[in-house]
Amino acid sequence: MKILESSRVTGGNEMLELSPRLAEMKHNIREGKHHRFRDADTPDLVTECDAEHLSWNQRASRLSRRMCELERVIIEPDERIVFTRTIRKVPPLYSESALRALTVGRTFHELGPISNICADWGMILSEGLLARKQTALSTRERMHSDAAAVEFLDCAIETIDAVLTLAARYATAARKCGREDVAVILDQVPGFPARTFHEALQFLRICHSVLWLSGHYHCGLGRLDQYLWPYLRDDIEAGRLDYPAAGELLAEFFISLNKDSDLYPGIQQGDNGQSLMLGGVRRDGTDGVNPLTALVLRVACAVALIDPKINLRVSHDTDIELLTLAARLTRLGLGFPQFSNDDVVIPGLVAAGYEIEDARDYSVAACWEFIIPGRGMEVVNIGAASMPSAVDLAIREGLAAGESFEGILDRVQFHLVEQVKRLAERSRKLFLPPAPYYSVLMDGCLENGCDLSAGLKYNNFGIHGAASASAADALAALKEFVYDKESVEPMRLLRALEDNFANDEELRLRLREKAPKVGNNDDRADQWLVTLFEMFAEACRAAGENGRGGGYRPGSGSAMYYVWLATGHEGMQEPVVGATADGRKSGEFFSSSLAPSPDVLVQGPLSVLQGFGKIDYKRICNGGPLTLELSDGLFRGKDSLRKVGLFIRAFVESGCQQMQLNTLNVETLRDAQRHPERHKNLVVRVWGWSGYFCELDEVYQNQIIGRHVYGL
Amino acid sequence: MLTGTIFDVREFTVHDGPGIRTTVFMKGCGLRCSWCHNPEGLSPFPQVMKGSAGERLVGQTFTSRELATRLNQQARLLKIAEGGVTFSGGEPLMQSAFVAEVIDQLNELHVTLDSCGNAAAEEFMRVASRCDLVLLDLKLADPQEHLRWTGCDNRLILHNLGLLAATDIPFIIRVPLIPAVTDTDQNLLGIARVLAALPRHPCVELLPYNQGARAKYAACGMEWRPGFDENIPYRVNLEPFKEFELEASLA
C-alpha cells in the first residue's frame with residue numbers, strides 16, 4: 001500500500017456516534033416494533049402454479065413477483081432508506097409430494113434454494129435493472145430458437161419487472177405522504193444506475209431484500225467499500241455529501257439489515273450470512289483501500305449490531321492506522337472484523353485455478369469461505385470431513401492390529417479419502433433449483449441466456465476439515481507415548497478408548513497433560529496438523545470433478561461440527577467420536593475451526609499463530625479461520641488499540657490465512673447466563689457469525705465461555 | 001551455562017514496553033510490597049499453587065539457551081509487531097547473571113527490563129546495559145516509608161537510578177498508585193523531586209491499582225494482608241510532576 005495520509009485512510013479520525021434518530025431506530029428494531037407491519041399475506045403459490053402448470057423456472061420468478069406484489073409499502077417518518085418486510089414466510093414452490101417426485105435421486109443443499117453466494121453488486125448498481133432487462137431482451141432475440149433460454153430470460157425479466165413495480169409503489173406512496181426526498185430516489189433506482197451514495201444504498205436495500213423474499217438466504221454483500229466508493233467519492237467531490245453525512249446514511253443501511261434477522265433461516269439466530277468484505281487490492285492488483293473502508297469500520301462501531309458481519313482483507317503492507325481502526329471494532333466484542341490475509345489467500349485461489357484478476361476480487365461467503373462475487377456458483381460448504389473420526393478409527397484399528405505408527409497414518413489417509421469420497425458422491429446428486437432473480441444480479445446469466453443454477457465461471461464445492469487440532473493432538477499423544485517412549489502398551493490405550501477411560505484415569509491425565517499439543521509451536525504436535533491437511537487436500541484433489549465443472553476445495557472451518565461430532569446430530573453423516581487418544585472423554589467438544597483443543601494449556605497467541613502458520617494454505621483455499629479470544633482487559637491502556645493492530649500484522653507475518661478475534665469477558669458472559677434480561681444486546685462470535693449471546697442455545701453459550709482467552 | 005527459575009512466559013503482553021512483547025517472569029524478589037500482585041513470584045523456589053482449577057507447579061527451570069531459543073523463535077513476529085522481550089518478575093535482577101546470559105543469546109530483539117532496581121549496582125548495570133529500555137519502579141521516595149511498605153529501604157534503588165540516569169539507556173519511571181500509600185501528594189512530590197535532580201529527566205507513568213490479588217495469595221497458601229484499605233479509590237495527581245517539568249501520564 002502506498003503511504004497514505006491518515007485522513008485518507010480513516011476519513012477523519014473522530015469516532016462516530018449514532019444520531020438520536022438512528023439510536024431510536026436501532027432501539028425500535030431491537031425491540032421488534034416493526035414486527036407489527038408483518039401482516040401481509042403469504043401467497044399460495046402452489047395452487048396458482050399447479051393450475052397454470054408452471055415450470056420450476058416460472059414458479060421461481062412467480063414467487064419473486066408475488067412477494068413483491070404482496071409486500072405492503074411501509075415508509076416510517078424517520079427513514080431515509082426505505083423497505084420494511086411485511087411478509088413473514090416465503091412459501092414453497094411445490095407441494096411436498098410433487099417436490100419429492102421431481103427430485104428423485106437428487107439431493108438439495110441445506111434448505112434447497114441457492115444460498116451463500118454473492119451477487120455482483122457493483123455491476124448492478126452501475127447498470128440499473130432496466131439495462132439488465134435490455135440485456136435479457138437482446139439475448140432473447142439472439143437466442144429466440146432456444147426454448148430453454150427464452151423461458152429463463154422471460155422469467156428473469158418477470159423478476160426485474162416485479163422489483164421495479166415494487167419500487168414504483170414505494171415511490172408513489174412516498175409522494176403521497178409528502179416524502180419527495182424518498183420518491184425522487186426511487187424514481188431513479190433500481191431502474192436506472194445509481195448516481196449518488198444515497199441512491200446506491202437504497203438500490204442495494206431493495207435488491208438485497210428481494211433476494212431474501214425470493215427464498216434465497218445467506219445473501220452476501222461482497223466488497224462493499226469497492227463498489228460503493230465511486231458514488232461516495234463523486235458526492236464528496238461535488239460537495240453533495242461529507243463524511244459524517246455519508247456515515248449517517250451508511251449507519252441507517254446497516255441498521256436496516258438487522259430488521260429481519262429473526263425471519264432468516266440459520267442454525268442459530270444470527271447465522272444469516274449478511275457478510276461484507278473490506279480492503280484488499282483491486283482486480284488490477286493496485287491498492288483498493290479507500291476512505292469508505294475506514295468509514296464502514298467506524299460506522300460498524302457506532303451501530304454495534306450483529307449485521308452486517310465485517311471482514312477485512314489485510315496484507316504485509318496494510319497501513320497500521322487501518323489495523324488500529326479495525327482493532328477498535330474488535331474491542332466491541334462483536335466478533336468482527338474477521339481478517340483474511342491477501343498474501344496467502346490470493347496465491348491459494350490462483351493455485352486452485354482462479355484467474356488472478358478474480359482471485360484478487362475475492363470476498364467471503366456467509367462465514368469465511370472465499371468466493372468471487374458475481375462469478376461463482378459455488379457451494380462452499382457441502383459438508384465436513386471429520387478429522388477426529390478418521391484419526392480415531394485409524395488408531396483403534398491400528399492398535400488392534402499391532403501396527404506401526406506409519407501404518408496408522410496410512411489408515412488416517414484411507415479414512416479421509418473415504419469420507420471425502422462419500423461427501424463427493426452425495427454432492428454429485430446435488431440439485432440446485434432455478435434462480436431467475438439471482439441470475440439477474442450475476443455475471444453472464446442474462447448474457448448467455450442461462451440460469452445461475454446451471455453454473456457460472458466458478459463451480460467448485462467446498463469441504464471443511466473439521467476439528468483438526470483435536471485430531472492432530474490425538475496423533476501426537478499416540479506417537480509420544482505408544483511409539484516413541486513406549487511407555488503405554490497399545491492394548492492399554494485401546495481398552496481405555498473403548499471404555500472412555502473409565503478405569504484408567506492415570507492414562508487419561510498423562511495423555512491430556514503430558515503429550516505435545518497444537519497451540520505451543522511444538523513440531524511434535526504441529527507436524528500432524530500439517531500432515532492432516534496435506535492428506536485432506538490430497539483426498540479432495542482425488543475426488544475429482546464435481547459434476548458441475550468444478551472440483552472440491554478443502555477448507556479448515558468447523559462451523560457447528562465441534563459440537564455435532566462430539567454429540568451427534570441428524571444433519572451429520574459421520575459417526576459420533578467417543579473418547580480420543582489425546583485424553584479427551586466422550587462427549588467433550590472438539591476444537592473449533594483453527595484453534596487449539598479446548599482445555600489444553602497453550603503458551604500463548606504468538607505460539608498459536610506460529611503453529612497454525614505451518615499449514616500449507618495454498619492447498620486449503622476454502623477458508624476457515626484461526627479463532628482467538630482476547631480478554632477485554634487487554635484493551636485497557638493507552639496504546640492497546642494500536643497493539644492489537646500490531647497483532648494483526650503479526651498474523652499476516654505468521655502466514656496464517658484467516659483470523660477471527662473475539663473480545664470477551666467471561667464474567668460478563670456468566671452473568672448473562674444468570675440474568676439474560678440484563679444483557680439483551682450482548683453480542684458474541686459463535687463460529688462464522690455473530691449473534692446475541694442470550695439467544696443462543698446453552699451448549700453454544702458454554703462452548704464460548706470455555707474458550708482460550710488471551711491477555712488476562 | 002546458567003539456569004534460571006521462571007514462573008511464567010507470557011505472550012502478547014502490551015503493558016511492559018513498546019509493541020507486542022513476550023514477558024518472562026523471573027521467580028524471586030527481595031522486596032515484600034504489601035500490595036504485590038504476583039505472590040507466586042516472591043519465593044525464588046518452585047512451589048505448588050492450588051487454585052479452583054486444581055494444583056499447578058509454579059516455577060520452571062530453563063537453561064539460558066533453552067529460554068533464548070524459545071524467545072528467538074518468536075523474533076520475526078515480535079519485530080514485525082514493533083515489540084520484543086521483557087524481563088519482569090518477581091525481580092529479574094535476583095537472577096541477573098542468568099538474564100544477562102539470555103540477552104546475549106537473543107537474536108537482535110528489543111529487550112526491556114522491568115525492575116524495582118533493588119540490587120547491587122553491578123548486578124543492576126549488568127542487565128540494564130544490555131537493554132533497550134528500562135522500566136524502573138519507584139514506589140516511595142521516603143526511605144522509612146519504603147521500608148515500612150516493601151520491607152526494604154530504597155537506598156540501592158536510588159543509587160541505581162542515579163547510575164542509570166548517567167547513561168544513555170532509555171528509561172521510564174513507573175509509580176504504582178496504592179491508595180493512601182503511594183498516591184499521596186507528599187510521596188509524588190518526593191518522587192518528582194528525586195527525578196528532577198537527575199542529569200536527564202525520565203518520563204513517569206502512574207500505574208492504576210487493580211484489586212484482585214486475594215485469590216492468588218490463597219492459592220499460594222499465603223494470607224492477603226495489604227495493610228491499607230483497598231476500597232479507597234486511588235488518586236491520580238500529575239501536578240507534582242508538572243511542577244518539576246517532568247512528563248507524566250496515567251498508564
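By convention in this document, chain letters (A, B, ...) are assigned in the order of the sequence lines, proteins followed by strands, and residues within each chain are numbered from 1.
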A quick test of your reading: do over 12 heavy atoms of other residues, nucleotides or ligands sit less than 6.0 Å from [atom1] of [X]?
| X | atom1 | result |
| --- | --- | --- |
| B:Gln105 | CD | yes |
| B:Arg214 | CZ | no |
| A:Leu601 | CG | no |
| B:Asp104 | CG | yes |
| B:Glu245 | CD | no |
| A:Arg331 | CZ | yes |
| B:Lys79 | NZ | yes |

Below 4.5 Å, heavy atoms only, C-beta onward: do A:Leu606 and B:Leu78 meet side chain to side chain?
->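 A side-chain contact exists here, since the closest heavy-atom pair is under 4.5 Å.
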Quiz prompt | Side chain to side chain, B:Phe12 and A:Leu634, heavy atoms closer than 4.5 Å | solution = yes
State whether the side chain of B:Glu82 and the backbone N or O of A:Leu646 hold a donor-acceptor pair below 3.5 Å, judged by distance alone.
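No, B:Glu82 side chain to A:Leu646 backbone: no donor-acceptor pair under 3.5 Å.
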### Query
Side chain of A:Gln610, backbone of B:Gln73: donor and acceptor closer than 3.5 Å?
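Yes, because the side chain of A:Gln610 sits within donor-acceptor range (under 3.5 Å) of the backbone of B:Gln73.
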When the 4.5 angstrom heavy-atom criterion is applied to B:Val14 and chain A, the contacting part is both
For [X], is it the side chain, the backbone, both, or neither that has a heavy atom closer than 4.5 Å to a heavy atom of chain B?
| X | result |
| --- | --- |
| A:Ser654 | both |
| A:Arg636 | backbone |
| A:Ile648 | neither |

If you round to the nearest 0.5 Å, how far is CZ of A:Phe651 from CD1 of B:Ile80?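 The CZ atom of A:Phe651 is 13.0 Å from CD1 of B:Ile80, to the nearest 0.5 Å.
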Within this structure, what is the CG-CD distance for the pair A:Asn521 and B:Glu11, rounded to the nearest 0.5 Å?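 If I round to the nearest 0.5 Å, the distance is 8.0 Å.
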Closest non-hydrogen contact found for A:Ser607 with B:Gln74 is OG-NE2, 3.4 Å
Among A:Lys643, A:Arg649, A:Arg642, the residue with the most heavy-atom pairs under 4.5 Å to chain B is A:Lys643
Do you know which of B:Ser249, B:Pro18, B:Gly19 has the most heavy-atom pairs with chain A at a distance under 4.5 angstrom?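 Highest number of heavy-atom pairs under 4.5 Å: B:Gly19.
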